Every structure is written in C-alpha cells, then in structure tokens.
Visitor: 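One structure is given below, represented as structure tokens, and several questions about it will come after.
Small disclaimer: the values here were computed from a predicted structure and weren't measured.
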There are 6 protein chains.
Amino acid sequence: MRLHIVNPNTTATMTQSIAAAAKAALPAGVAIMATEPEFGPTSIEGYYDGAFAVPGLLARIVEAERSGVDAHVIACFDDTGLDAARSAAQAPVIGIGEAAYHAASMVGLRFSVVTTLSRSIPVIEDNLTRYGLAHRCARVRASEVPVLSLETDGAAAEAKVADEIRQALEKDGADTVVLGCAGMADMARRFSQRFQVPVIDGVAAGAAFAVALATLGVKTSKAGGYASPASKTYSGIFSRFAP
Amino acid sequence: MRLHIVNPNTTATMTQSIAAAAKAALPAGVAIMATEPEFGPTSIEGYYDGAFAVPGLLARIVEAERSGVDAHVIACFDDTGLDAARSAAQAPVIGIGEAAYHAASMVGLRFSVVTTLSRSIPVIEDNLTRYGLAHRCARVRASEVPVLSLETDGAAAEAKVADEIRQALEKDGADTVVLGCAGMADMARRFSQRFQVPVIDGVAAGAAFAVALATLGVKTSKAGGYASPASKTYSGIFSRFAP
Amino acid sequence: MRLHIVNPNTTATMTQSIAAAAKAALPAGVAIMATEPEFGPTSIEGYYDGAFAVPGLLARIVEAERSGVDAHVIACFDDTGLDAARSAAQAPVIGIGEAAYHAASMVGLRFSVVTTLSRSIPVIEDNLTRYGLAHRCARVRASEVPVLSLETDGAAAEAKVADEIRQALEKDGADTVVLGCAGMADMARRFSQRFQVPVIDGVAAGAAFAVALATLGVKTSKAGGYASPASKTYSGIFSRFAP
Amino acid sequence: MRLHIVNPNTTATMTQSIAAAAKAALPAGVAIMATEPEFGPTSIEGYYDGAFAVPGLLARIVEAERSGVDAHVIACFDDTGLDAARSAAQAPVIGIGEAAYHAASMVGLRFSVVTTLSRSIPVIEDNLTRYGLAHRCARVRASEVPVLSLETDGAAAEAKVADEIRQALEKDGADTVVLGCAGMADMARRFSQRFQVPVIDGVAAGAAFAVALATLGVKTSKAGGYASPASKTYSGIFSRFAP
Amino acid sequence: MRLHIVNPNTTATMTQSIAAAAKAALPAGVAIMATEPEFGPTSIEGYYDGAFAVPGLLARIVEAERSGVDAHVIACFDDTGLDAARSAAQAPVIGIGEAAYHAASMVGLRFSVVTTLSRSIPVIEDNLTRYGLAHRCARVRASEVPVLSLETDGAAAEAKVADEIRQALEKDGADTVVLGCAGMADMARRFSQRFQVPVIDGVAAGAAFAVALATLGVKTSKAGGYASPASKTYSGIFSRFAP
Amino acid sequence: MRLHIVNPNTTATMTQSIAAAAKAALPAGVAIMATEPEFGPTSIEGYYDGAFAVPGLLARIVEAERSGVDAHVIACFDDTGLDAARSAAQAPVIGIGEAAYHAASMVGLRFSVVTTLSRSIPVIEDNLTRYGLAHRCARVRASEVPVLSLETDGAAAEAKVADEIRQALEKDGADTVVLGCAGMADMARRFSQRFQVPVIDGVAAGAAFAVALATLGVKTSKAGGYASPASKTYSGIFSRFAP
C-alpha cells in the first residue's frame, strides 16, 4: 500500500517530521510518499495563508493520483483544501484535523483541542461545526506558539502546550485532548503518558484512518459534490492546473 | 462611496453583467469598480474550481484595499474565498450567497435556493450550515444549467430556472426564492413579478448590503480569526502575494 | 425614499434620539418618519412590557404603510412584534436586534451582546436561536443599566457598558460587539474607536439594512406565514385595529 | 385545586367547548375557571391576530392570579403570549401547543402536527425550534380548515383532518399525531381509536400538565427572564394594565 | 388509578424512599406499586451499572403491565432503559430525568442540573441532547456525592448539593434547578424555599406526569420504534424474558 | 495484533459470517477473536432485544480485555451497549454503525442508510444525532427484511436492499450508501460495483478503524464518563458480573 501525505506548507523540514511521525504510526508494509507544494506559504496561520496553500497542494494530489497511491492525507490541522482535494481524487482523502476529531470521539466523550495561535480557533470551530462534532468538543485552546516555533523552540513550546492540556482537563471537563497542529505530532505519546488521558495527534490519526479506508477499498464518491471537476479553461499561471 | 465587486472567475463578460446588475440596484452616488482575477478558472462549478479562483480573487481584494474602496462584494454564489478575503481587508467584505440568504430571512420565513448544477448543492448547504440559516432554507434545487450557459442560452436557461421556482413554491413550502448564481442576476425582477413572491438576486443584495455596512462605517474585525495575515515568505509563483 | 422607524415604547424623547441616530447613519436622500405608539409602556424590559407595546406599534406600521413608506424599522432590541409587523406590511420590516446580529456576522466571527437588564438576556438568546445566529454569539451580557437610565444618567451608564465590552473582548473571545438597546445608539462610534473592534448599534444597522432592502425593491412575502391577516372582527378597544 | 383556562380569542362558545374538553380530561376535584379576553380577535390565524390577543389574555392571567388559581392554561395552539403570561404569574402557565409536543415526545418517537391553515405552520415550527422539539416532529401539516369552521362545519372539517392524519402515518413516518388547534379537542379520542396511534389534543394535555405542576407545588421562576414586570407607566388605553 | 414506579437499582430502602416521595406528590386516589429488580447493581453510577440494571427493570415493567397498571415511572435520573421499557409497555412510561427537564422548561428559561458523580455528567448531557432540551440547560454540575451516601450521610450530602445550587444560580445564569438523582427527592422542597427558585425533583415530576398521561388516556405508540418486540428465542439466563 | 469482534446476538452462524467479513477486510497480521454472548436474543430488532443483548456482550468484552486484545468491535449496527463497553475496556471499542457513518462522512457529502426493519430507524436516527452526523445523513431507509432472513433468504433480501439503494441515489440526493446491518456485510462490494458509489459495510469499517486506533496506541479515556465502573454488589444472576 502507498500512502500520500501532503504537507500544505512549503517548509520541507516540516514535511520530513510529518513523514517520520506517520511512519512511526503505521505498519511496516505501508510506503509513504511525503510532499509539499512547489509554491505557497511557509506556514499556515489563518484563512489567507490557507487560501494560497491550496493550489499547490491540489497539484500534489493530482500528481499522486496519477502515480497510483491508495490514499491521501492532508497534513494541516485546518484541513486546508480538503473538499477540493476530494474532488480531484479517486482515492480517499483524509484531513488530519478531521481524523483527530473522529478518533477522539471514539475513545472519549468530551475532547479539547490545543492549537497554535488564537486566530486559528475560528477555523477549527467552523470545521467542527461542519463535521457535526462541535458538541463533542469542550473547548478549542490556543497555546500562542507560532507554527514554526514548534520546530525551533521545542522545549518552551512544549511547556506552553502542556499548560493548556492541564487546563483542558481541570477546567473544560475534557477526558481527551487533540493536538491542533501537525508540528506537535511528536508530543502526543509523551503527553498521553504524563496526563494519563488519550492525547491524539492528527498526523498519526490521519495516516491510520487513510490506511483503514484504503484497506476497505472505499473510494471517494464521484456522485455528488465531489464529482470530478468539469473540463474548462484556467487562465494565466494556473493554466497548467485546468481539469 | 466606492464599491469593489470582484467576479471570482475570469470571464470578463460575466464581470460586465454583474457590474450592470449591481449598478441597477444601487443609488447614483455609488461608484462601482468591477474586477475579475488575472488568472484562474473561467467559471466556478464545485470545490476544485473554487480553490483555483481564490488566489487571484485575493489579489484583487488587496489591490482594491490599497486604492481605498469602502466595501467589497464577492460575486460568486459559493462565497468563494470569503473568510480569506476578510483577513486581507479592512473594509467590509460581503459574499453574494450570504447576502441573499440574510435578505431572504428578513422578508420571508422559508426560502428555497435555485442554483445551476447539482454538484453545487453541498457547497451551498455547507455555507447555510456555517451561517446558521440552514433551518430557514426549505431546499436547495439545481436547474442543471451550467454557469456559462446562462449567458449563451438565456431563454432555455430561464425556463428551467422558472420550473424549479414553481416547484419550490408548490412542493417545498417556500415563501421566498433565492437565485443561486451571479449569472441569474437579471432574472430576479421578472420572476418576482411572475411568481408574486420575493425572488432575490445575490449580486444586488450583496451590493446593497455592502453599501449598508460602508454607510455604517463598520470595518472588518481584526481582533479574531480575521486578523491581518502575519508577515511570512510565500514561495514560487505566489511570492508576490506574501502578506 | 421614505423610511419609517417606530420606537415601540411611548417615550417620545427616545424616539427623537433614535431618529437622530438613524439620520446620522443614512445618506442625505432618505426621509425618516419616526413614530412611537399612541398607547403602551414607557420602556420595554421583559416579555410583559413587550406584549403591551405591540398593538400600538402595529397601528403605526399600518398607518405608515398607508402613507406609502418604503421600509420599516422596529427600534427595540428585542425585535418586539417583528413577525406581526411583517404580516401587516407589504414593505420590508427590519428589527434592530436582527439587523445588528446580521451585520456583526458579516464583519467578525464571534460577537458578544451588551444589553441593559439580566431579564432581557433570555429574550435575546431566544431571538438568536430563532434567527440561527446563536452559534456566532459568544455571550449575551447585561450591564444592569435600566433602559431609561441610559438617557438620564449617561456617563455612569456608559462606564458600565464599557466594562462589559472590555470583558467580552478579554473573556468571551468575541471579536465584535453588539450594543443591545436602542438607547445605546450614540455610544457605538466612541466604543469602536476606544476598543478598536466593530461595535454595532442596531438602530443604525436597522436603518441601513432597511434602506438596502428598499433599494433592492424586495417586499415582504405574502405567500407564507407573513400573509396579510384575514378579515375578521376584533372586539372592544381593539375593534378599530381589525384587519 | 383551581385551574384557569384562558381561550385567547373572544369567541365565548369556543371557550365553552375548551372548558368541556378540559373537564372531561381532569379528575373530579379540579375546578375549572374558563375565560376569554374582554377585547381582541374572534379567532387567531397568524401573527397579527396573535399580537392583538395577548393584552386581553394577560389581563385574564393577572385577574386569575389575584383570585388565587393554582395553574393557568393558554388554550391556543400557537402558545400565544406564553412568555409574557409567565412574567405576570406566580403559578405555573402551560401552553396547549407546548403541552401537546411534550406529551407526544413521551409516548412516541416521531410526531406530526395537523393544524388549521398553512399560515400557522411557521408559527408552530418556530415554537418547536424554541422548545427544542423540532427534531421529534416529522412534519407540520395544514388541513386548510379555518378555526371557526371547526365549530360550524364539523363533519367536513373532521374529514379533512382525518385525511392529513392518514398521510402523516403513511408518508411522514410519524408514530404519533398532535392536533394543532384548540377547536379540534373533541376529535382526539375518535382519531386515536380509528388510527390506533396516540392522537393528542393540546387542551387536555395542557390541563393535565397544569394539574401535574400544581400538584408538585412548583411555581414559575422569578429569578430570570420571567421576573415580575418592573413598575412603570403604561399610557392610553393600556394605562390600567401597568404592572 | 395504579402507578408503577420502578427503582432500577436493587437497594430496597431506596425504593421505599422513592415511593414515599412519589406518594407525597400525588393525589390521594393514586395507588403506587413500587418495585426494584430481582437482580442487578445496588446503585447506578455510569454506563456499565446502567446496562446491568435494565433487564431486571424490564422484567418489572412486563409484570406490572400484566397486572394492569395505568402508567410506569423509571426512577433513575439517567432514564435507564426508557426506550426499551416503552417497547415493552402499552401504558405510558416516564423517566424521572426526562420529567424533570420537561417540568423545568415549563417554569423557567434556563435550568442547571445538580447530580451525584462527574461520571454521570455525560450520560445526562447525552439525554438532554436526545430530548432536544440541551439548549435550555445552563450546566450539569456534579456534587461528587455517591448515590448511596445520600442515604447514609444526609447532612453532609445536602450541604454539598446546596453549594452547587448556589453556584448554579450565581455563575450559570440558571433560574431553575433540577436535582439529578432519585436519592435527592426529599431535598427539593427545602431547597425551593431556601433559594426561592423552582427546585425540581424528578421522582415527584415523573409521578405527576405519569398520572397526567394516564388521565389523558394516552398510550405508548406501537406504530414506530416502540413497537412490541417480535417473538423470538432468548437463550440462557434470559430465556424466560423472551418476548 | 489481536482484534475482538463481538456479535451481540447469540446466533453463532452470524458470528462466523461477521468474522469472515472482517478477516477479508484486514491485513494478514491481524488475529481475530470472534465471540457471541453466552445468553441473550438470537437477533436484535429494536430497543427491547438490544437491552437483553448488552449484559452478555459486556461479559465478552471483559473476558477479551483480560486476554489482552488490542481493540474491540461491537458488530451490531445499533451500536448496542457501546458506551457501557467503553466503560469496561481499556482498549478502544468501535461500534460498526459508528464506524460506517464516520467512514461515509470521509468519502462523500450525503449518505443514506439502508437497514432491515422500520422499527430500527429511530434507533439509528438517535445514534446519528448523538454522534453529530445526522446532518450528513440524507435518510434512513428500511428494506423490511428481518435480520435472520438475510442469512436464510439471501437473493430476495439482496433484491430488496438493492431497490432501496437505487431510491437513495435517485430520490435522497445521497452520494454514498451505508448498509445498516451486520448481516449485509458481504453485499457491500457487489453493490459498490453495481451502483458506482461507495457502499459501506460497518463490519469491515469497524474492523479497519479498530485496527487504526490500536495502531495509534490510543486507549479509551478513563478520565470522564468512560471511567472504570466503581466496585459494588450486583445481585442475583448478575452477581458474577459485578465490577
């Protein structure tokens, strides 16, 4: 089985970390193809960055489809471009935010999310509303650690995230925690042991669920809103991406 | 007052029709600046097209902001890129889908939407859920008229749309109808008279609400999820769009 | 264009303030006709007062309709009598609470409301639920300033309202604030500047949206729940109000 | 125990039928005081009639409170003036619509409502949303029988209502039926036997639940939105109703 | 009239207290038959205990049906086995949690629940969601008093419950309180007087509503999900309970 | 990895079919332990059967936990006893209904469920509401094929299920189909090919998701509503199941 994991930002070192986190969570027989877009923002913090991440991400989805992968994972916690990616793919496509919420709702009754910056809170809350899981989420918390500081300033970042987890358990009534950024993948196991509750990393969850759907042989539906895009002209710098 | 209306697809003749529809709906003192993206799809039918429309649209929002407009209207019924545009703007930004739903909920109790293709139904339903207006919508109906056929094949298209309106009133219990495509703008007045119910065109509604917000002097909030994007590197063909 | 603004309580000085606030928010060409009921309570604080405000308010709506106005605004934040007024009118009718919530949801992602007395909180929360905008409202806060003290005790009242705004921004995660009483209309601009977030006054928002709907030429639907009342006998002191 | 049942319209013959229906549903020891307003509409069909029914209804609630009743029932299926009546009362106040929905949700999983005219459908749907029971309601159906025709044209009216019940069971998936007008009270028992499902009349349900709350000794809360109205001036024809 | 109240746990002293609480809340003419299961847990604290309480509870429902009771009350605040009991009964079946929520929503606008242990909070929240009353509930609070300590350690337990009530009124904005355990039945009247708000005990509410439904002559619907179980084999220790 | 799949009914031949369906969907390295309860109903059709299935099912969960399995699957589409099983387990527990809905929501935008008997529709709808996925479900359809007829009368049953799938795609607007009974597991692949949309079987989905969670090393949270049951006495035939 071949799994495509696309990091929607252009920071290649983050792609490597994400691939490593996914690899650690998967059985030996799964080959991982990790990509990042050819062009776009170096990190995604809010709606504007997200919008510029999607075209390059979709190009990677289309290329990976042609190469015959069995499933795709979009490794940004905002589930950036998820619906568009499903329109472009036959194989199943999983967002790491989505996967983490679904996993959390299968092992606990109330989860809190700990993400990076406050400005990402509404993106996450909107996704939870669309997915129907808002009532299972006690609260979305921001650690105020910027995405790229997770790499450069690990110990201080981890302390801030830990403090929010502690508050989620004490104040929110959460019995489960979701780490709200692909860059926090490696913290999940340590926090699970320290806090003795499930602490879920979306990268691992997304990879595991993608493998699950590929195992089932279930494809993305082409009968409704995820129908393949109609053939048409795209102009200018996007002409090569026309469906 | 200067109003910026951006047609998210690259079909310039459609931009002209949209501008004319907006002009007809506004008081004399409002200057309209109508744009379309420099690059992107010629029409938006589903999530994939939408994703490739947004970057060019955001560039137009940023340019218009610099030129000092008082409000923006995004003239695609999917409200393509609305959240990202608000992050990029100080002036208020209105989507024509959003404006039409809000207007419909102020003059009736149950509205139906008549849009172009079936594949757009879930996009619209998801927007209604996010906006909180799903319970006011009796049904989203597809006329199965492609966007660009609205221009090229007017009479036949209008007949199909009329048939769905008739069914919405007879079967859905709707007392109000929303036309679900910027390309249907000129039909609204005829249908209002023919069916004797409010038939709302989003282009006119979006323009009128944008003028309303500009008149109020209310700006887009920069205190939460619509905070201005943080400064960072965008690579490749997007380097010139970095915030 | 002629706009009818009805203050649902009988305090004529408040009608004057409301008319002034609306005038300040509208273009020069709009004529404002401001009325208050011939009979009823001097202020509306809770459901009981509201019930006795509505008949006199509806009489003003009917009179204004006959005189040919283009739109009506109900200038009580509870949107007192809004559905009944729509049944009595052909022109569009906007409630100032409704207008403020819709405006807030177009410029921010989470708003808090600051109203007068605690007893009004459930009225407002019920309206938000009915309108579908409850999920966009972070919290409804009471300043515990009675309606008429807003006129007689301005500075102290404004300090209490300011304190709730500060808490809304710090504790509720709101990025936008709605002032929950027609008597707070003149505070909006000062608070917007002081707190650097959109602070929305319903009187101005209601007037601006009413002008927007009138500009669109959209009427209240007579095809459903807002159908004109059937002819019948009203007895006693209400005989002259029979439809 | 003394129970006050107020018919919100001024048709005294209907008050008599309502009182009889309640009497038939209650134990011998309960005394019924049945009233109708001194002034107002002869029937309630839509929001406008409803608004003019409330002041006279509230006057009856206040009088009955003074006379020491143990509970009130508002015998219009729209639950006209329910919140305002609770503000005016210490004893519990039950609406017959409300009572019927709650009863239906205790003996079945999905109910349909059969009411009089289409224009009442949105009133009922809004109430169901506010009460939280919309998801238990399969559909609100209109028999298109005007309220007063239920008295004058009994057999034909009953046939039309029966036809809607049949459709509710066959098409809506309902396992329970609610009769959506006080004037249908006497049909419930016949339809229950004929269709072999629970057919619930709000008058009987409201009376039974009012007795239940009175038995419990539970009063209307005065700590929140139902606080007693503050003392203030009511002007003109309403001066005698000031709190 | 004969009312069957089943205590779902096997603690017979608690059955006696429950019967006494119900008797105190009912008119003289109602005969109470109080039972507890022949087998099962001595108290219900969480989902596991609940699952083992249901078979014995259903056996009591079936026996009571055969003996001709007019209604059943399930006297555990989790409404343990409520849907299954309705499938097994012709007479109406009321859960005490359900009854308390419905009663609270008829005398106030926002209620808080005070229950025993934290682990019961999600059970109660799930029930509120299913019943549609979650939006009327300000908060579910745990006093951390185990069920059986309510009997053995009355004064200390009552102090802890009182403290949560006080917080519900001060912090949650509740105007009404629901006591979330059958074992708290005798506290309701004292707390109502002390806190001057409605404090609702589910045992009394369930008994009163059961009498109300029996008075109405309404039966449990057999036309949908509560259809009588199909005849089939139950093996092993359950063979005697086969339908 | 060792996976425990428990068939909640006592029909051993159905356990074998379920195990075979799961085996076919899983990688070679996963060992399957398939069980059915020692006592209980031979099939589950509605709430009453469900209640008698749970104790025997929980006994199997407890035994399997002691034997050290990595995850559990409850192989009844009603997700019978799911919450109680999670309270009894440290390993993750997945219901096949739950798994199917989550899978469907990751490959399509609107799914319909095709189940056995009408009486199961409300059970499924209630689960969808609790899980938050009701808005993704277009409709729950009953084929009116009893559970055990799926084994004994395969071809006729399959034709009836196929007919409902056809209607789901034509009338409901579904782009994905969920098969609503463990006994339909073997039909999924044939229907996927025939109808060219994803047709999801819960047994395979549940097994795949259970493996996914086990791979992640995520356990059931013991910090909230799924806390291990407190030690206490269970009387009579249940004494040996006391926690």
Visitor: Only counting residues at least two apart or in another chain, list the ones meeting side chain to side chain contact (heavy atoms under 4.5 Å, CB included) with E/Ala100.
Guide: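 With neighbours one apart ignored, the set is E/Phe77, E/Val178, E/Ile200.
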Visitor: What is the minimum heavy-atom distance between E/Gly225 and D/Leu109, and which atoms define it?
Guide: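 Looking at all heavy atoms of both residues, the closest pair is CA-CD1, 3.6 Å.
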Visitor: Among D/Leu133, D/Leu213, D/Val197, which residue has the highest count of heavy-atom pairs closer than 4.5 Å to chain E?
Guide: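 Between D/Leu133, D/Leu213, D/Val197, the count favours D/Leu213.
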Visitor: Just to verify, what does E/Ala210 make a side chain to side chain contact (heavy atoms under 4.5 Å, CB included) with, not counting sequence neighbours?
Guide: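 E/Ala210 satisfies side chain to side chain contact (heavy atoms under 4.5 Å, CB included) with E/Leu3, E/Ala71, E/Val73, E/Ile94 once adjacent residues are dropped.
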Visitor: I'd like a table of all donor-acceptor pairs linking chain D to chain E (distance under 3.5 Å, no angle check), giving the atom names and the distance to one decimal.
Guide:
residue	atom	partner	partner atom	Å
D/Arg86	NE	E/Met106	O	3.0
D/Arg86	NH2	E/Met106	O	3.1
D/His102	ND1	E/His102	ND1	2.3
D/Met106	O	E/Arg86	NE	3.1
D/Met106	O	E/Arg86	NH2	3.1
D/Val107	O	E/Ser221	N	2.7
D/Arg130	O	E/His135	NE2	2.8
D/His135	NE2	E/Arg130	O	2.8
D/Asp175	O	E/Ser221	OG	2.5
D/Ser221	N	E/Val107	O	2.7
D/Ser221	OG	E/Asp175	O	2.5

Visitor: Among all residues two or more places apart in sequence or in another chain, which pass the side chain to side chain contact (heavy atoms under 4.5 Å, CB included) test with E/Ala212?
Guide: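 E/Ala212 satisfies side chain to side chain contact (heavy atoms under 4.5 Å, CB included) with D/Ala208, D/Phe209, D/Ala212 only.
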Visitor: Please state whether the side chain, the backbone, both or neither of E/Val199 comes within less than 4.5 Å of a heavy atom of chain D.
Guide: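 Neither part, no heavy atoms under 4.5 Å.
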Visitor: Check whether D/Ala205 gets within reach of chain E through its side chain, its backbone, both or neither, counting any heavy atom under 4.5 Å.
Guide: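 Its backbone and side chain both get close to chain E.
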